[in-house]
Amino acid sequence: MASTPQPWMARVTSSCSSDTNPTFLITFPDAKYLFNCPENTTRNVLQRGFGLNKYRAIFLSRITTRTSLGLPGFLMTLADSGTKTLKVHGPPGLSHFLASSRHFLNRETLRLEASETDVEDLDPVFKDENLTVYAIPIPLEGEQSDLKEQTPSPERSPSLKRSRSMSPEGAPLAKRLSRDGDTAQGSSSSKMKWTNPVAWRKLIVDRMFPGESGTKFHAQNSGPSAWELKQRLPRWSHRHFATSYFVVGPEYRGKFNATLAESLGVPRGPLRAKLARGESITLPDGKVITPEMIIGESSSAAALLVIDCPSVGAISSLLASPTLSKLVSRERQLLHCVFHMAPDYVMRDPSYIKWMKSLGKDIHHIVANDSVCSDGITFSSSAAMQEKLSELDEELFRIPHFNDSSQEGYLQDLGMGDRVLAAKQQVIGMRPLVPPCDSYTEGTNIDPQDSLLPQSSIQSVFSGVKEKILSELPSPIPSRGDDVSISLLGTGSAVPGKYRNVSGALVQIPGFGNILLDCGEGTYGQLRRHFGPQIDTVLREIKLVFLSHIHADHHLGISQLLVERCKLFPPPEYPITLIGPFYSRLYLSEYADIESLGIKTINGVHFLSAEDLEHRRPLKHDTTDIILTYNSVKLRLGLADLRTAAVDHRTTAFGIVLRHVDGWSITYSGDTRPCQNLVDAGMDSTLLIHEATMSDEQEVMAKDKGHSTIGQAVDIACRMKAKKLLLTHFSTRYPKIPVLGRTFTGQGEEAVTLPEIFVGFDHLHIRLGDFSRAERYIPNLENAFSEIKEDIEPKVDSLV
């Protein structure tokens, strides 16, 4: 029982939108506790200024892309920001999910304690001086639902049913941990991996996050080798659970009455200290003094519920939970608020409504689903900048789609008045108790104050520029490929920021289909914002995905995209071919044990190895399946050639070269130092999309981190004889656009003419035929950005 009261609150940090899913944050002056960690959690925390310190625990309701995919990126960011210890709790599958990330998620400075619950228990799963947290796991009989409607629509398929596992991993967690007497410390690696996969995964997670005193992942002569740990995980086949959480705050002792103690003869000193600690004492005359005789009445502990009820089938199990019933009815606690992550049809269910009313008329309910939450702008800083850039050219700089309307009218029909609200960034006071209030008005579109660019700069340097440039340009000579477009979905590096998301670019080939070049965290949300109502059509038309390497900022969003693709109805007509290095493919195969990604289905995901397609390697010796997949994707996209190029990064990494039958070509670098092999593979490309992580003054840092400077990227384009160059993958340290001249001196003394150059921004939509116009905007953009200060983002060590 705490003796010194301190304020604490709960808040909705994100709700259901095109690019976010629900998260809730509990804050004390000295600690933070996060509930769910979907994609874009890190970016949202940075956008809204919640800070990256004081996090003690993260609680996950399910292991799905919609509830937990942001966890790897958030863990890396917290570790790189100085967090030393952290606890993560969730349902079965958490350890498998974490272990599947071992190829890119190791953080030696962080000690992570991961725990799972699959049985009901009145013992808390977490307890410190601030919070006591109880888990209420509910088994899900079929495929995991989500907060979207599951009624079949022209674009979405019904959920596929997953049979209940009868494997050894289907046993209760406690029994699985003790099977055969194995422990993470006591069994040989070869035996443990197959006889006790739970202990094997735990060992891997412990090695991924050892902290200062633990065994490092690559430690030698200490248990399994790093090579053994990197091999395919035992398949995960446990049944799925949705876990709700009952959260109880501290109960504060009443005030010590010194006057009363004096009258009862309690002397100052140790005896009074015992009473203050809640202990009874005996005076020298034999009189017993209890704390209740001296100390005022203690305050009741405030409590809240976080409910995840993803389907109608889960309602009966949730409401029949003896744990939930006992926790809600406990004395000396005051339930103040319930967060509901439940789709519309669950909220309308009569039994669910009856249960909500049974909690009491004074309880506040916050509902998060796509039916009631507005789709307002989430990342207002980026959107505000994009809105101002659109004043220069609305075709190139698209404003993200949003919809600030919601359908929350039925909430009032529940007969509970204004006690039921749609989730929209509310803050709820837990001590003192305060009703939900909006921390800001969500859905108010774009705040100009969030933009990097001052309005005065826009008016002075953008006014009439497009019209003037168009009038000065010579009449264009149409070329094949002019209508091929590139939409940049993320142009930042390492971590997502307020103004730039991490890597992703969509190439659209009219009449053939789409190609996705890298897929960092949040890419699917960026696609939804970029294309709005056309998202399902765009997603259906993606026929090729290229993942350049295993670093999280280039591939972590792919599982979300594949999960959403599986929901399309009718299903896509063609499979999606995924080219990537070995560990990227292994990660997806292991994650697919938890959530279906469509791997190996007829029109699902077909893998090709980036190693096998290296341009210096002949294809004639590959297997029939590889050749068939390779030729099929080339045919569907009209490609004459499709090859990768090994590049120079800090891990195995590749670029890719796409040569179309119409004569145009695109080379994409991924992450790399200046690389002659990429030059050779992409010679005479129509467009080079090249990373430009560092400024020219940071050449030594760029080399150390495996990246290129702006000048080096330009040099590569010149040596490649590329006609156009699109720069991307900028460090968050440098929000300014680079200053580019019209000539560049390469390795020799002879000056060479630069290709047409443009600088990437998130949501830039540019066709190959637009570069001559776009590059003439650079002086105006340089002027508009000239007053921007550097280091606008928190300095976080590179994750790449």
Side-chain angles (χ1 to χ4, degrees), residues 486 488 491-493 503 505 507 517-518 546 548-549 551 554 610 613-616 641-659 664-731 734 737-760 764 766 768 771 774-775 778 800:
I486 297 90
L488 294 183
T491 57
S493 66
S503 294
V507 179
L517 303 174
D518 276 330
F546 170 68
S548 60
H549 61 294
H551 287 156
H554 287 258
L613 299 185
E614 219 283 333
H615 75 109
R616 294 167 296 185
D641 196 20
L642 168 63
R643 300 304 292 264
T644 62
V647 294
D648 184 12
H649 193 38
R650 294 194 299 170
T651 187
T652 300
F654 295 87
I656 192 169
V657 182
L658 311 166
R659 298 190 185 275
W664 56 267
S665 55
I666 294 177
T667 296
Y668 173 67
S669 70
D671 282 7
T672 183
R673 300 179 180 94
C675 179
Q676 183 61 41
N677 189 48
L678 184 71
V679 172
D680 296 339
M683 187 61 66
D684 296 316
S685 287
T686 308
L687 170 66
L688 169 63
I689 305 174
H690 201 286
E691 71 124 289
T693 308
M694 302 293 181
S695 67
D696 290 345
E697 294 77 21
Q698 300 291 333
E699 187 171 329
V700 174
M701 181 186 295
K703 182 178 180 180
D704 290 344
K705 293 181 176 293
H707 291 296
S708 299
T709 67
I710 295 159
Q712 289 171 337
V714 175
D715 181 35
I716 290 295
C718 294
R719 288 156 53 187
M720 189 182 288
K721 300 180 182 178
K723 298 178 178 63
K724 309 170 194 296
L725 171 63
L726 184 57
L727 298 172
T728 186
H729 199 268
F730 302 107
S731 169
Y734 311 111
I737 67 168
V739 178
L740 302 170
R742 284 303 305 142
T743 61
F744 180 81
T745 301
Q747 294 180 342
E749 296 182 357
E750 181 181 356
V752 295
T753 301
L754 291 174
E756 294 174 336
I757 301 175
F758 201 57
V759 180
L764 174 71
I766 187 168
L768 294 183
F771 274 78
E775 93 162 333
I778 287 179
V800 295

Worked check of side chain to side chain contact (heavy atoms under 4.5 Å, CB included) between T672 and H690 = CA-CA 9 Å; T672 183; H690 201 286; 4.0 Å; yes
Stepwise side chain to side chain contact (heavy atoms under 4.5 Å, CB included) test for I666 and I656 | CA-CA 8 Å; I666 294 177; I656 192 169; over 6 Å; no
Does the side chain to side chain contact (heavy atoms under 4.5 Å, CB included) test come out yes or no for R719 and I716, once each step is laid out?
-> CA-CA 5 Å; R719 288 156 53 187; I716 290 295; 3.7 Å; yes
How far apart are the C-alpha atoms of D518 and Y668, what are their side-chain angles, what is the distance that settles it, and do they pass the side chain to side chain contact (heavy atoms under 4.5 Å, CB included) test?
-> CA-CA 10 Å; D518 276 330; Y668 173 67; 2.5 Å; yes
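Distance check, rounded to the nearest 0.5 Å: CG of D704 to CD of Q698 gives 10.5 Å. For the atom pair NZ of K723 and CD of E756, the computed distance is 10.5 Å after rounding to the nearest 0.5 Å. We find the CZ-NE2 distance between F654 and H615 to be 10.5 Å, quoted to the nearest 0.5 Å. Going from atom NZ of K724 over to atom CG of L688 covers 13.0 Å, rounded to the nearest 0.5 Å. Taking CE from M720 and CG from L678, the interatomic distance works out to 4.0 Å, rounded to the nearest 0.5 Å.
In this structure, the side chain of D641 does not engage the main chain of R659 through any donor-acceptor pair within 3.5 Å. Without hydrogens or angle criteria, E775 side chain to I757 main chain gives a donor-acceptor distance under 3.5 Å. Using a distance-only test at 3.5 Å, with no hydrogens or angles considered, a donor-acceptor pair links the side chain of T644 to the main chain of L613. S665 contributes a side-chain N or O that, together with a main-chain N or O of T686, makes up a donor-acceptor pair within less than 3.5 Å.
Relative ring orientation between H649 and H707 is described as tilted, the plane-to-plane angle lying within the 30° to 60° band.
Between H729 and S503, the shortest heavy-atom distance links the atoms CD2-OG, 3.2 Å. Here the shortest heavy-atom pairing between I710 and S695 reads CD1-CA, 4.2 Å. Of all heavy-atom pairs between A692 and L727, the closest is CB-CD2, 4.1 Å. Contact record, S731 with S493: CA-OG, 3.3 Å, taken as the closest heavy-atom pair. Scanning both residues, D696 and G711, for their nearest heavy atoms gives OD1-N, 2.6 Å. Across every non-hydrogen atom of G760 and L726, the tightest pair is N-CD1, 4.1 Å.
Using modelled atom types, one finds a donor on one side chain and an acceptor on the other under 3.5 Å when comparing D671 with H554.
Taking a 6.0 Å sphere around NZ of K703, one finds it holds 12 or fewer heavy atoms contributed by other residues, nucleotides or ligands.
Applying the salt bridge (Lys or Arg N to Asp or Glu O under 4.0 Å) criterion to E614, with sequence neighbours excluded, gives R616. Here A774 pairs with L396, F758, I766 under the side-chain contact (heavy atoms from CB on, under 4.5 Å) rule; sequence neighbours left out.
For residues 673-692, every residue pair satisfying the salt bridge (Lys or Arg N to Asp or Glu O under 4.0 Å) rule, not counting sequence neighbours, is listed here: D648-R673.
The side-chain heavy atoms of T667 and I689, taken from C-beta on, include no pair separated by under 4.5 Å.
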